[in-house]
Amino acid sequence: MAVVQEDAAPAAASPASADATDPTAGSSDNEITVEETSFVHTEPQQDGSAPPVVTTDMEVLHDKVKKQVIKEGHGKIASKFSTCFVHYRAWVQRSLHKFEDTWQEQHPVEIVIGKEKKQMVGLGIGVGNMKSGERALLHVGWELGYGKEGNFSFPNVPPTADLIYEVELIGFDDAKEGKTRSDMTVEERIEAADRRKLEGNDYFKEKKFEEAIQQYEMAVAYMGDDFMFQLFGKYRDMALAVKNPCHLNTAACLIKQKRFDEAIAQCSIVLSEDETNVKALFRRGKAKAELGQTEAAREDFLKAKKHSPEDKEIMRELRSLAEQDKAMYQKQKKLYKGLFGPRPQPKPKTTNPLLVFWQWLVSLISYLAKMFTRKND
């Protein structure tokens, strides 16, 4: 087993150097445990160009809002005035023109149930009837969308356009404790994000990786790009001390789920802030190696080794790549040998018995002639 402590600064210890039989052994509130043998955002496995085909029953939430469950959630549904974090894609029903995609933008949207924008009332009704982690298809009538006016600038929605939403409720804060991000101080947002990170760590220890990812994504949602851009000095350091571990822990969960491309993306986010982060380099290298990107993985491991030269896990991964290269060379050598076959051997000369007899007879006659000549002399 490998214990990984997530903190803001790169740790001097190995990213996976401590042994433990208990998956939570030796873990503090900031630690998650990564099994050595197991190796942006929870985007559905599809291209998202058109609404997904859903065969579940249609549930009527409102005269103008209907829901079909794509994936079941867990826990209770969000209550009125809860602050919800969602990802969604939106299409015009008639034309199937997609006009918004928060997964593509990689920024969850914050919706306060009962306080939505006018054009998002139907979406709010749907979200208010979902559980954390639930993904659903919502059918919203134009009256609870962009109305008679539509929106021809952005998004390009015509008048009286019924809408289709594919929505995932990442999670929510109850009304009694929830606040919109815009109403929070910097310290409150960082504290809320840290609380979500710790909840994610608890889910990780229980091997509930999807739930852990949702908590980490909610934590990151408190610290979006606009928020981080305004921070500097100690406040930026405080925010990164929470944000970067969330990305790294998300990468660990994604590797467990064999979602290696997404894990690479999460590690790359951390490396854009801290290009020497050993954990990010190590985990990205692991994910690349699993995808067969041997040279790219080796490059990440070598960079990690440069900053942590005594790390045994990094050395083990580099040796593993070298062994894979050797095995591949032997396999190719054998394959090429089979394709071209063994080197042809020269054929032995065939002997004609009659020719041999005549050669012997000529030699005998020649010998007798020499003897006769020598006797006469």
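- Among residues two or more places apart in sequence or in another chain, the salt bridge (Lys or Arg N to Asp or Glu O under 4.0 Å) test is passed with Asp325 by Arg298.
- Side-chain N/O atoms of Tyr203 and Glu210 include no donor and acceptor closer than 3.5 Å.
- Annotation: side chain of Lys148 is not in contact with side chain of Pro159 (no heavy-atom distance under 4.5 Å).
- Phe260 is listed as a side-chain neighbour of Ile255, based on a closest heavy-atom distance under 4.5 Å.
- Distance alone, capped at 3.5 Å, is enough to place a donor-acceptor pair between the Thr250 side chain and the Cys246 backbone.
- A donor-acceptor contact shorter than 3.5 Å is absent between the side chain of Ser308 and the backbone of Lys305.
- Val127 and Ile77 fall into different hydrophobic clusters, where Ile, Leu, Val, Met, Phe, Trp and Tyr residues are linked whenever their side-chain heavy atoms come under 4.5 Å apart, directly or through other members.
- For the pair Val220/His247, a side-chain contact is recorded, criterion being any heavy-atom separation below 4.5 Å from C-beta on.
- Residues meeting the side-chain hydrogen bond (donor to acceptor under 3.5 Å, both in side chains) test with His74, sequence neighbours left out: Gln214.
- The backbone N or O of Gly114 sits less than 3.5 Å from a side-chain atom of Glu116, completing a donor-acceptor pair.
- A cation-pi arrangement, defined by a distance under 6.0 Å to the six-membered ring centre and an angle within 45 degrees of its axis, is absent between Lys197 and Tyr216.
- For Glu199, the salt bridge (Lys or Arg N to Asp or Glu O under 4.0 Å) partners are Arg196, not counting sequence neighbours.
- Between Pro108 and the options Met218, Glu168, His87, a side-chain contact (heavy atoms from CB on, under 4.5 Å) holds for only His87.
- Side-chain rings of Phe204 and Phe209 approach one another, their centers coming within less than 6.0 Å.
- The backbone N or O of His97 lies less than 3.5 Å from a partner atom in the side chain of Ser95, making a donor-acceptor pair.
- Residues Gln68 and His139 have side chains that bring a donor and an acceptor to within less than 3.5 angstrom of each other.
- Applying the side-chain hydrogen bond (donor to acceptor under 3.5 Å, both in side chains) rule to Tyr88 yields the partners Glu100; only residues at least two apart in sequence or on another chain are considered.
- Checked by atom type and distance alone, the side chain of Asp162 pairs as donor or acceptor with a backbone atom of Trp142 at under 3.5 Å.
- Residue pairs satisfying the salt bridge (charged side-chain N to carboxylate O under 4.0 Å, His left out) criterion with at least one member in residues 52-66, sequence neighbours excluded, are listed as follows: Glu59-Lys67, Lys64-Glu143.
- Although no hydrogens or angles enter the test, the distance criterion places no donor-acceptor pair under 3.5 Å between the side chain of Ser79 and the main chain of Ser82.
- Under a 3.5 Å cut-off, the side chain of Glu134 and the backbone N or O of Lys131 do form a donor-acceptor pair.
- Put simply, the side chain of Arg189 gets close to the backbone of Tyr222: a donor and an acceptor are under 3.5 Å apart.
- The shortest side-chain heavy-atom distance between Glu273 and Arg236 falls under the 4.5 Å cut-off.
- Residues forming a salt bridge (Lys or Arg N to Asp or Glu O under 4.0 Å) with Lys208 (at least two apart in sequence, or on another chain): Glu206.
- A donor-acceptor contact closer than 3.5 angstrom is absent between the side chains of Ser366 and Ser363.
- Between Glu313 and Phe282, the closest side-chain pair of non-hydrogen atoms falls below 4.5 Å.
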